[in-house]
Q: 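Let me give you the structure first, and then I'll get to my questions.
Read the numbers this way: they start at 1 and go in the same order the structure lists the ligands and their atoms.
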Amino acid sequence: MIKIKTSEEIELMRESALIVSKTLGEIAKEIKPGVTTLQLDKIAEACIRDQGAIPGFLGLYDFPNTLCMSPNSQVVHGIPNGTPLVEGDIISIDCGALKNGFYGDHAYTFAVGEIAPETEKLLQITKESLYVGIREFKANNRVGDVGYAIQKYCEDEGYGVVRELVGHGLGSKMHEDPEMPNYGKRGRGKKFIEGMVVAIEPMINLGTQRIKQHRDGWTITTQDNKPSAHFEHDVALINGKPELLSTFAYIYEALGITSNEENQFRQKELVL
Ligand code: MG
Ligand code: MG
């Protein structure tokens, strides 16, 4: 059952989403060769607690940490550990926070120093596909419209669109209805309703769409061991249109990147 949020609840969800956004911004400052994902995890936990929230993933389905840290061929759900990042890695970082009874859930794939051009392009296209999907989250559209848009955008580049893992409704539970696949058919699936909040999160592979589960019961990797990227925003349906609750602005500030993509998206000027 889809749980519709009031405007007051959506404002609380924005607060939770921004706690995650700020946390990813703090993590962005620390990403460099030599740092371990476990060190970054501790920084994230402190940052979330300093903002009066609690880590959303820690203990959720018994996940052991604050961040899901998935380097290179890991798709999602990687567990932080003591292995240092090295130049040329990519690292997908997924973060959740719970405050006032509502979750934020937001992810970004970072480059560690210089990365291969084909991997750079994978990151760019995956992030673009996130916006391509979000703009279909509007009145009278359906779940399949978002999935179709993301799938087409990424498959046109020859990338593998992961099928087994999907976006989701978000609220007082981390995973609510509806499921939001990154593939689908136009006009199919549940219809979007004013006041819905969803996490849209393309997980896109450079090679095959196929994945495998690690023995730890969590880590998901690509079957061909080629890189995978993951970007996620929390989005509310307000006045028939998608409104971003999370923001990459803190990440861009930390990395010294000038980006107007979110404003352009809001103004419908993002050309993709
Ligand atoms: Mg997430
Ligand atoms: Mg999510």
Q: Closer than 2.8 Å to the Mg ion (ligand 2), do we get an N, O or S atom from His175, backbone or side chain?
A: no

Q: Is any N, O or S atom of Asp94 under 2.8 Å away from the Mg ion (ligand 2)?
A: no

Q: Are side-chain N/O atoms of Asp94 and His77 paired as donor and acceptor at under 3.5 Å?
A: no

Q: For the Mg ion (ligand 2), find the closest N/O/S atom belonging to Glu201 and write down its atom name.
A: OE2

Q: At less than 2.8 Å, would any N/O/S atom of Asp105, backbone or side chain, sit next to the Mg ion (ligand 1)?
A: yes

Q: Could you pull out the atom name of the N/O/S atom in Glu232 that is nearest the Mg ion (ligand 1)?
A: OE1

Q: Does one side chain, of Glu261 or Tyr252, offer a donor that lies under 3.5 Å from an acceptor on the other?
A: yes

Q: Does Glu253 CD have over 12 foreign heavy atoms under 6.0 Å away?
A: no

Q: Taking atom types as modelled, is there a side-chain donor on His214 or Gln74 under 3.5 Å from an acceptor on the other?
A: no

Q: Is there a ring-ring contact (aromatic ring centres under 6.0 Å, His included) between Phe137 and Phe192 once you walk through the steps?
A: CA-CA 7 Å; Phe137 180 59; Phe192 298 135; 4.8 Å; yes

